[in-house]
Visitor: 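Handing you this structure, nothing more for now.
Just so you know, these numbers come straight off a predicted model, no measurement behind them. The sequence lines fix the lettering, A, B, ..., with proteins before strands; numbering per chain opens at 1.
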Amino acid sequence: MLQKPRGTRDFLPEEMESRREVERRMREVARTWGYREICTPEFEELELFTIRSGEGIIQEMYVFEDKGGRKLALRPELTAPVLRMYVNEGRTLSKPLRWFYFADCFRYERPQKGRYRQFWQFGVELIGADSALAEAEVIMLANEILSVSGITFSLHVGHLSFMRTLLGELEPEDQKKARMFLDKKDRRGLEDYLSSRGHAGLSERLVALADCRDLNEVFAITGESQDMERIADLFRILDQSNIRYTLNPGIARGLDYYTGMVFEAFAEGLGAENQVLGGGAYRLAHLFGGEDTPSCGFAVGFDRVMVARGEHDLPGRVAIGVAFTPEGREWALAAAKEFRNAGIVTMLDLSGKSLGQQISHISRTADYALIIGSRERDERCVTLKDLRTGTQKELSLFDAVSEVSGGDPR
RNA sequence: GCCAGGGUGGGGUAGUUGGUUAUCCUAGGGGACUGUGGAUCCCCCGACCCGGGUUCGAGUCUCGGCCCUGGCCCCA
């Protein structure tokens, strides 16, 4: 038997409905903040992704050549494509642009819990706004989107300025190493490394900084800086908005990518891959031939959100099945049309078996059986059987529709 | 790329120190039953992940691969 490709998944109707429901809620929140949906190609020129991240990521992407010899890649993320799109066709639109997307991405990695080779991201980009309020807006939006998705999460907000100030005295190579140790929370490793590079005093300050949960403590370590007031304002806005977050100056990941504010969210019950959201302020447009444009955004790992939610039963829709005899078929077709016009899920029996067998089959997938034979046809009525109670009555078509409309699904 | 544990019909399972036709439940299909049957009865379908090796004989032992589940690495 043929198997699906490694790291991909099939979704049965139940799971799909539950995914669509969460997706719908996320879209709805984004819309109420004025963000509008966009869509970019499933694959792009390979170069779009290597410009920023280097050739090294090719081995973690689905890369291929088309019949014209073009080097292409399935998109591994959406920020670069969205900014490419902005440079191509969004430059003359009035700023700021508020865009969101829900799309699948592909990465050639080892699958594990919450990590697949095809996965979905819900993301937001706010392009062309450069203020504390813009950054705060994106964080607040992220917070609301995760909230409506029904998961328990913690939000960590940091700023690269803190770390940069301290790391400034190091060579770029050493900065990278130091960040790696910080990210892994390997304090001994950090200390040993920095001592060996002649910066013995620095590790203590870095560790202290990563531990800070209060802005005043942070500034006590980093000293005064130019953007101090703006950073303070960002956190002031978050506090005024009653967002629950943790100040985390230790966020060290993706420093090459982001330029200022950075934030992440973590959910419970996900094992090693517990990050469900990442975002921050960045500048990418100039890499793709546009003007240097301040932007910020985030991406939600949709599949991880679904894993973190666990099993949820969705309320189903009321459904009816129509059982009929050959003489009743025409009237049954007309009746089914009426029910569907009223928005009721209506399934005709396709087997042509005896009424008893039809009802037996209908009872597995529907809440009501509509029974139509020559008697109903002659009297222009229908027999409606409530399959949960077993009671049935003969009604006019109009009354039957309103009866079912008012009923609850199983 | 590395480590650990797994892989028996669609789903869930039993299978002893290697030994006849691989167990049970469930789902699915068909039939009896022609206006009540969500039933009942009967029947059917369908599996040892793949490939080598050991053996008279492998679901069982062994090696390699694939896949799954976790963890490491990475995470734009």
Visitor: Measure all distances between protein nitrogen or oxygen atoms and nitrogen or oxygen atoms of nucleotides 42-49 of chain B, and list the pairs falling under 3.5 Å.
Guide:
none

Visitor: Considering only side-chain heavy atoms of A/Arg364, which listed nucleotide, B/U36, B/A76, B/G29, is closest?
Guide: B/G29

Visitor: Rounded to whole Å, how long is the line connecting atom CZ of A/Phe266 with atom P of B/C75?
Guide: 14 Å

Visitor: In whole angstrom, give the distance that lies between atom CD of A/Glu394 and atom P of B/U36.
Guide: 14 Å

Visitor: What integer distance in Å separates A/Asp349:CG from B/U36:P?
Guide: 16 Å

Visitor: For B/G35 versus B/A22, give the span between their P atoms, rounded off to a whole number of Å.
Guide: 43 Å

Visitor: Hey, is the main chain of A/Val148 close enough, under 3.5 Å, to the side chain of A/Arg25 for a donor-acceptor pair?
Guide: yes

Visitor: Distance check needed: B/U34 P versus A/Ile372 CD1, whole Å only.
Guide: 22 Å

Visitor: Measure from the side-chain N and O atoms of A/Ser402 to the backbone N and O of A/Phe398, and report whether any donor-acceptor pair falls under 3.5 Å.
Guide: yes

Visitor: I'd like the C1' distance from B/C68 over to B/C45, given in whole Å.
Guide: 27 Å

Visitor: Any strand is fair game: report the nucleotide pairing with B/C67 by Watson-Crick or G-U wobble, both distances under 3.5 Å, or none.
Guide: B/G6

Visitor: Any protein N or O atoms within reach of nucleotides 67-73 of chain B? Criterion: under 3.5 Å, listing atom names and distances.
Guide:
unit_1, atom_1, unit_2, atom_2, d
B/C68, OP1, A/Gly7, N, 3.2
B/C68, OP2, A/Arg6, NE, 2.6
B/G70, OP2, A/Lys113, N, 2.9
B/G70, O6, A/Arg110, NH2, 3.2
B/G71, OP1, A/Ala272, N, 2.6
B/C73, N4, A/Gln112, NE2, 3.3
B/C73, N4, A/Arg115, NH1, 3.3

Visitor: Counting distance alone, no hydrogens or angles: does the base of B/G30 have a donor or acceptor under 3.5 Å from a partner atom on the side chain of A/Gln357?
Guide: no

Visitor: Taking CD from A/Glu60 and P from B/A76, how many angstroms apart are they, rounded to a whole number?
Guide: 10 Å

Visitor: Between B/C44 and B/U23, how far is it from one P atom to the other, in whole Å?
Guide: 13 Å

Visitor: Can you check the A/Leu384 CG to B/U36 C1' distance for me, whole Å?
Guide: 13 Å

Visitor: Return whichever of A/Ser374 or A/Glu77 has its heavy-atom-nearest nucleotide of RNA chain B closer to the 5' end.
Guide: A/Ser374

Visitor: Taking OP1 and OP2 of B/A39, is either one under 4.0 Å from a side-chain nitrogen or oxygen of A/Ser360?
Guide: yes

Visitor: Between B/G70 and B/U54, how far is it from one C1' atom to the other, in whole Å?
Guide: 33 Å

Visitor: Quantified in whole Å, what is the P atom distance between nucleotide B/U8 and nucleotide B/C48?
Guide: 11 Å

Visitor: Between A/Arg117 (side chain only) and A/Pro111 (backbone N and O only), is there a donor and an acceptor less than 3.5 Å apart?
Guide: no

Visitor: Show the nearest heavy-atom pair for residues A/Ala142 and A/Phe263, with the distance to one decimal.
Guide: CB-CE1, 3.5 Å

Visitor: In whole Å, measure the gap between the C1' atoms of B/C75 and B/G28 for me.
Guide: 43 Å

Visitor: Taking the side chain of A/Lys353 as its heavy atoms from C-beta onward, which of B/G35, B/A76, B/G31 lies nearest to it?
Guide: B/G31

Visitor: Taking all non-hydrogen atoms of both residues into account, name the closest pair between A/Glu15 and A/Asp10 and its distance.
Guide: OE1-O, 4.3 Å

Visitor: Is the CD atom of A/Glu21 crowded by more than 12 outside heavy atoms at less than 6.0 Å?
Guide: yes

Visitor: I'd like to know if the side chain of A/Asp303 reaches the main chain of A/Trp120, judged simply by a donor and an acceptor atom lying under 3.5 Å from each other, with no hydrogens or angles considered.
Guide: yes

Visitor: Using a cut-off of 4.0 Å on non-hydrogen atoms, how would the nucleic acid contact of A/Gln59 be classed: base, sugar-phosphate, or nothing?
Guide: nothing

Visitor: For the backbone of A/Ser203 and the side chain of A/Glu191, can you confirm whether one donor and one acceptor N or O come within less than 3.5 Å of each other?
Guide: no

Visitor: If I take atom CD in residue A/Gln392 and atom P in nucleotide B/G35, what distance separates them, rounded to the nearest angstrom?
Guide: 13 Å

Visitor: Main chain of A/Leu72, side chain of A/Glu44: is a donor-acceptor contact present, judged purely on distance under 3.5 Å?
Guide: no

Visitor: For A/Gln358, report the nucleic acid contact type (base, sugar-phosphate, nothing); a contact means any heavy atom under 4.0 Å.
Guide: nothing

Visitor: Which part of the nucleic acid does A/Thr79 contact within heavy-atom distance under 4.0 Å: base, sugar-phosphate only, or nothing?
Guide: nothing

Visitor: With a 6.0 Å cut-off on ring centres, are A/Phe122 and A/Tyr101 close enough?
Guide: no

Visitor: For B/G1, give the paired nucleotide (Watson-Crick: N1-N3 plus N6-O4 or O6-N4; G-U: N1-O2 and O6-N3; both under 3.5 Å), or none.
Guide: B/C72

Visitor: What's the gap between B/U26 and B/U69 when it is taken at their P atoms, as a whole Å value?
Guide: 29 Å

Visitor: Quick one: A/His361 NE2 to B/A27 C1', roughly how many Å, whole number?
Guide: 12 Å

Visitor: With respect to the side chain of A/Arg375, which nucleotide from B/A76, B/G35, B/U36 is positioned closest?
Guide: B/G35

Visitor: Could you measure between the two P atoms, the one in B/G1 and the one in B/U60, and give it in whole Å?
Guide: 27 Å

Visitor: Any base atoms under 4.0 Å from A/Gly390, or only sugar-phosphate, or nothing? Heavy atoms, all strands.
Guide: base

Visitor: Indicate the atoms forming the closest heavy-atom contact of A/Gln118 with A/Thr8, along with that distance.
Guide: CB-CG2, 4.5 Å

Visitor: Pairs under 3.5 angstrom only: tabulate donor-acceptor contacts from the side chains of residues 244-252 of chain A to other protein residues two or more places apart or in another chain.
Guide:
unit_1, atom_1, unit_2, atom_2, d
A/Tyr245, OH, A/Asp239, OD1, 2.9
A/Asn248, OD1, A/Gly250, N, 2.8
A/Asn248, ND2, A/His156, ND1, 3.0

